[in-house]
Amino acid sequence: MEIAKAYNPKEAEESHYQKWEAAGCFKPELNENPNAEKYSIVIPPPNVTGSLHMGHALQHTLMDVLTRRKRMQGFKTLWLPGTDHAGISVQRKVVEQLRKDENKSPLDIGREEFIRRAWKWKEEYGNTITEQMRREGASVDWSRHRFTMDESLSRAVREVFCTLYEEGWIYRGLRIVNWCPKDKTVLSDLEVKEETKKDGKLTYLQYPVKNSDRKITVATTRPETMLGDTAVAVNPKDERYKDLIGQMIELPLTDREIPIIADEYVDSEFGTGAVKITPAHDPNDYQVGERHNLPQILVMNDDATMNENAGEEFVGLDRFKAREKVVEKFEELGLLEKQDDYEISLPVCERCKTIVEPILSEQWFVKMDEMRDIALELVKNENAPRFFPEVPHAKVYTAWLENLKDWTISRQLWWGHQIPAWYDEQGNVFVARTFEEAKAQAGTENLKQENDVLDTWFSSGLWAFSTFGWNGEITETEDLNTFAPTDVLVTGRDIIFLWVSRMMMMTKKFVNKIAFNDVLVTGTVLGKDGKPMSKSRGNGVDPIEMFDKFGVDATRIYLASIATGADIKWNDLLIETYRNFANKIWNAARFCLMNSEGASVDISLLKLDENATIADKWIISRLNKTAQAVNKAIDTYQFHEAVRLLYQFFWNDFCDWYIELVKDSISEQSAVSGEPTEEAEDRRPKTKDQLEARSRILTILEQALRLLHPFMPYLTEELWQKLPNVSSDLHNAAYKNAAQTVMLADFPLGDEKLIDERAGAEMQAVIDVISKIRNIRAEMQIKPSDRFPIHIAADAEAQKIFTANEAQILKLARAEKLVLAETLDVPKASAKAVTSVAEIAVPLEGLIDFEKETARLENQVAKLEKESEQLNKQLSNANFVDRAPAEKVQELRDRVAEIENQTQTLKQNLEALK
RNA sequence: GCCGACUUAGCUCAGUGGUAGAGCACUCGCUUCACACGCGAUAGGUCACAAGUUCAAAUCUUGUAGUCGGCACCA
């Protein structure tokens with residue numbers, strides 16, 4: 001069989017995905033077992049404007065690993081894909097396109113046309129991420145792909161909105177909201193980020209008190225808002241200002257008089273102890289204003305320029321220009337006390353980084369008090385979704401819920417779910433599922449629908465059940481019954497509040513189920529500089545580039561290997577480790593296949609019977625142990641542990657030892673003549689044993705490929721297809737009639753009965769001997785081509801093991817012959833070593849460097865003595881011997897005895913050198 | 001200000017009560033017929049610091065320092 005010398009990921013990545021998809025392998029319906037248990041995951045919908053970033057790549061890898069393994073185990077498995085409509089982002093893209101191509105604004109073309117264009121944009125550019133997911137190898141059921149603006153999901157949104165409104169959970173009201181002047185829409189608290197600015201200024205303004213020559217000084221970071229001030233507040237207990245309470249201030253730059261009021265909110269210790277109150281431009285001031293019935297004067301337009309309420313001099317000015325001008329004017333009036341440098345943190349729009357303006361505005365809100373109770377109740381409940389890692393996420397989640405504010409859900413956009421509310425001419429509002437219903441309610445046709453659309457996260461909040469067909473009209477579907485709640489939600493820390501919590505609440509409220517059983521919170525993949533990857537920092541790493549450079553499989557298993565839950569710094573060098581690993585797997589398979597003539601995968605060879613050698617029993621044992629541990633690790637979301645186990649098994653056990661140990665017995669030249677064969681010569685197995693050995697190694701390889709498949713789907717499929725005589729016999733029983741692919745092969749669980757500790761110990765004895773001799777060779781700088789006899793002293797039982805593995809020892813230690821005896825009888829010019837069951841000598845007449853050998857042995861004695869010292873210290877502690885478990889004590893005693901034995905031998909050897 | 005996480009070999013990280021681990025980098029030796037994306041052999045750590053619990057602490061408790069994150073405040 002011709003196989004390339006190195007693994008070429010691109011080749012393997014080209015065809016398999018299409019074949020899997022075409023064969024329906026991703027669909028739960030492929031499972032023919034009517035009693036199969038289900039396993040389901042719904043993807044956190046990526047933003048339709050987005051492209052794959054490292055966080056997606058990580059999360060998708062984990063979801064795919066989970067899904068693929070369960071599918072192989074015969075579960076009725078569904079991983080449901082989808083995207084969200086990303087209101088603001090898409091709106092911005094379309095606005096930009098309009099401006100660039102036609103120099104038009106949305107208003108020029110009207111709402112209907114704008115939405116038509118947005119859909120067109122979505123059709124044209126919205127598939128980037130879904131295409132990239134195919135490259136990732138994501139085994140999602142594309143036939144169930146959902147988009148938050150699909151008809152049914154939109155129906156669900158209207159239903160939920162109306163129900164919540166009818167039950168009093170949704171209200172419309174005038175509140176201080178976060179306003180993005182660039183996007184000209186309101187934002188929820190969670191879409192606003194804080195940015196610390198060191199060059200802020202705290203400006204002290206003096207306000208003259210009416211009928212007095214006193215002035216009262218207020219401090220502010222936003223001087224322009226003073227144009228909307230309607231009071232100055234002081235603490236009622238503040239002696240400095242007590243006498244001023246109730247008096248009026250002549251507000252500079254305006255013709256208004258505003259009162260000095262007393263309110264507990266004011267902290268006398270901070271600033272001047274007097275606070276300007278601008279109810280229309282500050283949330284705290286708004287509260288104060290409510291308590292004191294203050295007027296609310298809005299001084300800004302929706303683009304953050306000043307409006308006519310700000311006065312003639314300021315109208316039309318940008319807020320920052322207005323700020324400068326206010327300060328200048330105060331200076332002219334002699335009322336500017338001072339300006340201090342001040343470190344300030346500013347709220348900015350998460351997407352466009354524009355400074356958000358708190359502003360009084362009429363919006364739609366979801367009341368969160370009852371929602372919060374639902375959510376808190378949910379996490380206290382025994383069946384609550386479990387967070388992984390549990391700490392700190394469950395705690396953070398609870399803490400956040402406890403001081404949750406109402407959620408602003410309206411957005412001043414056109415792209416999204418238009419709010420199903422209509423106004424009559426008097427401004428009365430009618431919330432209804434359809435226009436027809438609204439008309440019936442209003443008793444008139446003269447209605448105008450609410451312009452605003454809903455926050456994208458409102459529809460995302462329904463994702464756990466709207467994706468399964470629930471839309472209010474249809475409340476029960478087969479998918480919902482079968483797949484909800486999903487088994488696990490895999491997501492990042494950043495959207496626990498924004499999305500996870502809301503989804504939990506909504507799911508409980510509308511389908512009375514928990515949304516998912518587990519919540520796996522992944523760490524953040526940070527840039528090389530240890531900071532989150534971002535475009536502005538330029539420290540991002542593009543997963544697609546990594547796929548091109550190292551292969552999809554290497555990237556996937558690398559990502560799985562770092563999925564500990566903690567944040568992780570990106571490191572190219574580590575991906576390389578797994579690129580190398582992929583190549584190692586390729587080459588191990590290449591070796592097996594080059595010597596597979598006549599052989600076939602045969603599960604019945606994975607037995608600990610008398611035909612199996614020690615090496616066979618050992619590798620079968622290791623395979624089963626590994627399979628057990630890998631399953632346990634994945635069950636508990638310890639992906640890094642699963643990867644470590646697989647890496648160690650495949651490289652250290654299978655490649656480094658097993659292949660080397662059986663090499664001669666399976667390869668062409670050995671069995672009969674021991675001479676190398678000619679290229680053209682017959683490659684058929686020479687003996688029945690050789691045939692069996694060839695089949696056995698193929699079978700072990702095949703098992704390993706299955707175990708690796710969830711992590712490295714392409715490589716494993718590519719190799720599995722090359723194996724001789726693989727067939728659907730290897731499939732899980734649920735897929736007997738399905739296409740032949742490793743992705744439906746039965747996932748090995750590991751069989752306790754096939755774990756043989758004795759074979760492990762015996763193998764270790766052989767490995768120890770080989771390692772010791774290799775050490776001697778390296779330290780004595782013996783040429784690889786030089787061959788020497790090896791003398792081994794051991795008891796009868798150990799001798800049997802060495803005899804059975806004589807050929808292997810000779811080959812791997814590059815020795816000429818093995819001399820076994822009860823005791824050593826060798827020339828003085830020998831290098832010596834000792835293992836737990838054997839004493840080894842390599843006669844090196846004329847080659848031995850006595851000084852070096854002495855140093856080598858002394859080094860080993862020193863190591864042993866150091867260990868022995870530690871152990872003896874423990875053993876001489878009476879408390880330890882009395883109180884520690886007897887088993888532990890015995891363990892140490894045994895070890896000490898062994899060390900002393902070995903030390904003794906080494907010391908004798910040292911003596912002999914003199 | 002409150003809460004949390006982290007601090008282990010040069011680097012990136014595993015390791016939740018019983019003799020300190022991996023990968024990469026470093027040193028030495030190998031083009032040995034699967035693989036130089038490789039093979040073999042070394043070297044490298046008072047597990048941030050301090051106290052406590054325990055027969056036994058990298059691991060549990062408390063405190064300190066540093067780093068990072070979340071939340072609150074920010075006139």
Side-chain angles (χ1 to χ4, degrees), chain A residues 3 5-7 194 200 202-204 218-222 225 232-233 265-267 270-278 282 284-285 342-346 389 391-393 395-396 399-400 403 493-494 496-497 524 526 530-532 550 554 561-562 564 566-571 573-574 576-595 640-641 644 647-648 655-656 659-660 663 667-669 676-677 771 774-779 781-785 811-812 814 859 866-868 870-871 874 877-885 888-889 891-892 895 899:
Chain A
I3 303 169
K5 205 172 163 185
Y7 174 52
E194 297 282 316
L202 189 59
T203 306
Y204 290 77
V218 296
T220 179
T221 54
R222 295 187 294 153
T225 61
V232 167
Y265 152 72
V266 180
D267 176 3
F270 191 91
T272 62
V275 184
K276 60 189 275 307
I277 301 297
T278 324
D282 184 279
N284 291 315
D285 293 7
Y342 191 63
E343 188 178 312
I344 187 172
S345 65
L346 290 170
V391 181
H393 299 113
K395 201 170 172 181
V396 172
W400 176 76
N403 45 49
R493 212 176 17 235
D494 48 338
I496 293 183
F497 306 144
T524 309
L526 306 172
K531 303 247 169 69
F550 300 105
S561 82
I562 61 171
T564 60
D567 291 352
I568 184 97
K569 267 188 241 182
W570 183 261
N571 192 340
L573 290 174
L574 293 177
E576 224 174 298
T577 300
Y578 293 99
R579 192 261 322 255
N580 297 349
F581 183 45
N583 191 55
K584 188 73 178 177
I585 295 168
W586 177 265
N587 272 290
R590 178 168 181 257
F591 170 79
C592 296
L593 289 166
M594 283 165 75
N595 297 290
H640 63 292
E641 175 69 4
R644 194 187 62 79
Y647 186 97
Q648 189 174 308
C655 293
D656 288 350
I659 289 184
E660 296 303 331
K663 206 170 230 178
S667 60
E668 323 289 323
Q669 71 264 34
T677 51
S771 298
R774 281 174 171 174
N775 175 252
I776 290 169
R777 294 193 71 109
E779 298 280 327
Q781 292 173 314
I782 295 165
K783 276 189 261 168
S785 54
K811 181 180 164 73
L812 298 183
R814 303 184 148 267
N859 183 28
K866 194 179 158 201
E867 195 186 330
S868 158
Q870 274 177 5
L871 297 178
Q874 265 195 73
N877 181 344
N879 278 328
F880 171 70
V881 178
D882 289 349
R883 303 170 84 157
K888 271 289 157 233
V889 178
E891 227 172 76
L892 290 198
R895 179 65 187 149
I899 289 172

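Please read all numbers here as calculations on a predicted model, not as lab measurements. Below, chains carry the letters A, B, ... as their sequence lines are ordered, and counting in each starts from 1.
- Judged by atom type and distance alone, A:E660 reaches the base of B:A34 through a side-chain donor-acceptor pair under 3.5 Å.
- Considering every non-hydrogen atom in both A:V232 and A:A274, the closest pair reads CG1-CB, 4.1 Å.
- One atom, CG of A:L812, and another, P of B:C33, lie 15 Å apart when rounded to the nearest Å.
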For A:T225 and A:D282: C-alpha separation, side-chain torsions, deciding distance, then whether side chain to side chain contact (heavy atoms under 4.5 Å, CB included) applies.
CA-CA 9 Å; A:T225 61; A:D282 184 279; over 6 Å; no

Start with the C-alpha gap between A:F581 and A:Y647, add the side-chain angles, then the distance that decides, and say whether ring-ring contact (aromatic ring centres under 6.0 Å, His included) holds.
CA-CA 8 Å; A:F581 183 45; A:Y647 186 97; 4.7 Å; yes

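- Put simply, CG on A:L202 is 14 Å from C1' on B:C73, counting in whole angstrom units.
- Under the 3.5 Å distance criterion, the side-chain polar atoms of A:N587 are matched with a main-chain donor or acceptor of A:N583.
- Contact annotation for A:E779: backbone-only contact, meaning every heavy-atom pair under 4.0 Å involves sugar-phosphate atoms and none involves a base.
- Here the separation of B:G21 from B:G15, taken at their P atoms, is 15 Å to the nearest Å.
- As judged by a 4.0 angstrom heavy-atom cut-off over every strand, A:V266 is placed among the base-contacting residues.
- The gap from the C1' atom of B:U61 to that of B:U27 amounts to 43 Å, rounded to the nearest Å.
- Across all strands shown, A:I277 has no heavy atoms under 4.0 Å from either base or sugar-phosphate atoms.
- The interatomic distance linking A:N775 (CG) with B:G29 (C1') rounds to 12 Å, in whole Å.
- Considering every non-hydrogen atom in both A:A588 and A:I659, the closest pair reads CB-CD1, 3.8 Å.
- Residue-level contact check: A:S561 touches neither bases nor backbone, having no heavy atom under 4.0 Å from any strand.
- As rounded to the nearest Å, B:C39 and B:C33 have C1' atoms that lie 14 Å from one another.
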Could you walk me through whether A:R774 and A:R777 satisfy the side chain to side chain contact (heavy atoms under 4.5 Å, CB included) test, starting with their C-alpha distance in whole Å, then the side-chain angles of each, then the deciding distance to 0.1 Å, before giving a yes or no?
CA-CA 5 Å; A:R774 281 174 171 174; A:R777 294 193 71 109; 5.5 Å; no

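- Rounded to whole angstrom, the span from the OH atom of A:Y578 across to the C1' atom of B:A14 amounts to 10 Å.
- Within the 4.0 angstrom heavy-atom criterion, no nucleotide atom of any strand lies near A:D882.
- As judged by a 4.0 angstrom heavy-atom cut-off over every strand, A:R774 is placed among residues touching the sugar-phosphate backbone only.
- For the P atoms, the distance from B:G45 to B:A36 is 33 Å, rounded to whole Å.
- With hydrogens and angles ignored, no donor-acceptor pair closer than 3.5 Å exists between the side chain of A:K5 and the base of B:A34.
- Nucleotides B:C24 and B:A43 place their C1' atoms 16 Å apart, quoted to the nearest Å.
- A:T220 places a side-chain N or O within 3.5 Å of a backbone atom of A:R222 that can act as its donor or acceptor partner.
- Using a 4.0 Å heavy-atom cutoff across all strands shown, A:S785 reaches no nucleic acid atom at all.
- Under a 3.5 Å cut-off, the side chain of A:R814 and the backbone N or O of A:P784 do form a donor-acceptor pair.
- Contact record, A:D567 with A:R493: OD1-NH2, 2.9 Å, taken as the closest heavy-atom pair.
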Does the side chain to side chain contact (heavy atoms under 4.5 Å, CB included) test come out yes or no for A:D285 and A:Y265, once each step is laid out?
CA-CA 9 Å; A:D285 293 7; A:Y265 152 72; 4.3 Å; yes

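- At the heavy-atom level, A:C655 lies under 4.0 Å from base atoms of the strands shown.
- When heavy atoms are screened at a 4.0 angstrom cut-off, A:Y265 is found touching the sugar-phosphate backbone but no base atom.
- One N or O on the side chain of A:R590 and one on the backbone of A:I3 form a donor-acceptor pair closer than 3.5 Å.
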How does RNA chain B read in dot-bracket, base by base from 5' to 3', with Watson-Crick or G-U pairs under 3.5 Å and | used when the partner is on another strand?
((((((((.[[[[.)..(..]]]]..((((.......))))......[[[[[..)....]]]]])))))))....

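- Of the two residues near RNA chain B, A:W570 and A:V218, the one whose nearest nucleotide lies more 5' is A:W570.
- Ranked by how close their nearest RNA chain B nucleotide is to the 5' end, A:R814 and A:N859 are led by A:R814.
- Of the listed nucleotides (B:C28, B:A34, B:U54), B:A34 has the atom at the smallest distance from the side chain of A:R590.
- An OP1 or OP2 oxygen of B:C37 is reached within less than 4.0 angstrom by no side-chain nitrogen or oxygen of A:K584.
- The two residues A:N595 and A:S667 come nearest to each other via the heavy atoms OD1-CA, 3.3 Å.
- Straight-line distance between the C1' atoms of B:G17 and B:C60: roughly 8 Å, to the nearest whole Å.
- Nucleotides B:A48 and B:U7, compared at atom P, are 7 Å apart to the nearest Å.
- Closest approach of A:I562 to A:I568, counting heavy atoms only: CD1-CG2, 3.3 Å.
- The C1' atoms of B:G44 and B:C6 are separated by 24 Å, rounded to the nearest whole Å.
- Closest approach to the A:N587 side chain among B:A34, B:A43, B:G15 is made by B:A34 (side chain taken as heavy atoms from C-beta onward).
- A:F591 places its CZ atom 14 Å from the P atom of B:C39, with the value rounded to the nearest Å.
- When rounded to the nearest whole Å, the span between CD1 of A:I585 and C1' of B:G38 equals 15 Å.
- Rounded to whole Å, the distance from CD on A:E641 to C1' on B:U16 is 13 Å.
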Let me have a per-nucleotide readout for nucleotides 19-27 of chain B, 5' to 3', with B, S or -, counting only protein heavy atoms under 4.0 Å.
B---BS---

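- If you take NZ of A:K569 and C1' of B:C68, they are 10 Å apart, rounded to a whole angstrom.
- For the pair A:N583 and B:G38, the criterion of a side-chain N or O lying under 4.0 Å from OP1 or OP2 is not met.
- Contact annotation: A:K663 reaches the phosphate of B:A34 (side-chain N/O to OP1 or OP2, under 4.0 Å).
- A:D285 comes within 4.0 angstrom of no nucleic acid atom, judged by non-hydrogen atoms across all strands.
- Among the nucleotides B:C37, B:C35, B:A14, the one closest to any side-chain atom of A:A6 is B:C37.
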